[in-house]
Amino acid sequence: MRIRQQKQIGMFLAESFGGDRGGALFARQEEILQEIIRNTQNRSKNQRKTLVQTILPRIALYKAMQESLPEAETHAQMRRYMLERVAAQKHAEMMRMEAIPGFYALYSRIFMRVVRSSDLWESEQEHGTNGFSVTMKKCLWHTACVENGCAELCRLFCDVDDVTYGGLCKLGFARTKTLGYGADCCDFRFCRK
């Protein structure tokens, strides 16, 4: 299975650390990723796909950097990757989607349908005319970080959401707590602007 994140991660490492060091970090990241994938069991097809394509490559990147960089640099580099690459790309995609006529109504319906039908989360939802909310009681991103011994990394996944949904023209976003930051849930609140 081709893992799309790997190209982006390889480019980030080469740009950040140069060809030799970046290449060595990328090789180690790929080894760690394959090991984590092999050890991932008891997951549905949907969960496994999300883990392999989205979550585990980033966990492996974090672990590879932890092995060879000081803790503060690991955190700084991982934060830079998650916010400047991952979150910036997702935010740009959201801004492009806002240009679609009827964006809010369409996005809110799709978001709620995905959350209600997916096994990536355990959640409660509310949907009204001018807003919708999702309270995540359990999330695969948090679970994967905890299971792989890097619960602190989940905070960066949470921070990606803040950038992704922040500053949009047609969709307001607020959240007061997240599982990644140690709370009992993630309280996503969206509203029509």
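Note that the numbering runs from 1 along the sequence shown for the chain.
- The cationic group of Arg175 lies under 6.0 Å from the six-membered ring centre of Phe188 and within 45° of the ring axis, placing it in a cation-pi geometry.
- Closest non-hydrogen pair, Leu51 versus Pro57, comes out as O-CD, 3.6 Å.
- With respect to Glu147 and Arg43, a salt bridge is recorded, a charged nitrogen being found less than 4.0 Å from a carboxylate O.
- Taking 4.0 Å as the cut-off between side-chain N and carboxylate O, Glu126 and Arg189 do not count as a salt-bridged pair.
- Looking at Ile32, Leu153, Thr74, Leu33 one by one, the single match for side chain to side chain contact (heavy atoms under 4.5 Å, CB included) with Lys63 turns out to be Ile32.
- Using cut-offs of 30° and 60° for the angle between ring planes, the Tyr165 and Phe190 rings count as perpendicular.
- Evaluated for a side-chain hydrogen bond (donor to acceptor under 3.5 Å, both in side chains) with Arg85, the options Glu15, Gln5, Gln8 yield exactly one hit, Glu15.
- Salt-bridge formation is not detected for the pair Lys137/Asp184: no Lys NZ or Arg NE/NH1/NH2 atom is positioned less than 4.0 Å from an Asp or Glu carboxylate oxygen.
- Considering every non-hydrogen atom in both Gly166 and His91, the closest pair reads O-CE1, 2.7 Å.
- Residues Phe132 and Tyr104 have side chains in contact (heavy-atom distance under 4.5 Å, counting atoms from C-beta outward).
- Residues Trp121 and Cys139 share a closest heavy-atom pair of CD1-CB, 3.8 Å.
- Looking only at side-chain heavy atoms (C-beta outward), His142 and Thr178 stay at 4.5 Å or farther from each other.
- Across all non-hydrogen atoms, the minimal contact from Leu120 to Trp141 is CD1-CH2, 4.0 Å.
- Electrostatic pairing of Lys90 and Asp161 does not count as a salt bridge here, judged by no charged N lying under 4.0 Å from a carboxylate O.
- The shortest heavy-atom contact between Phe103 and Leu171 is CE2-CB, 4.0 Å.
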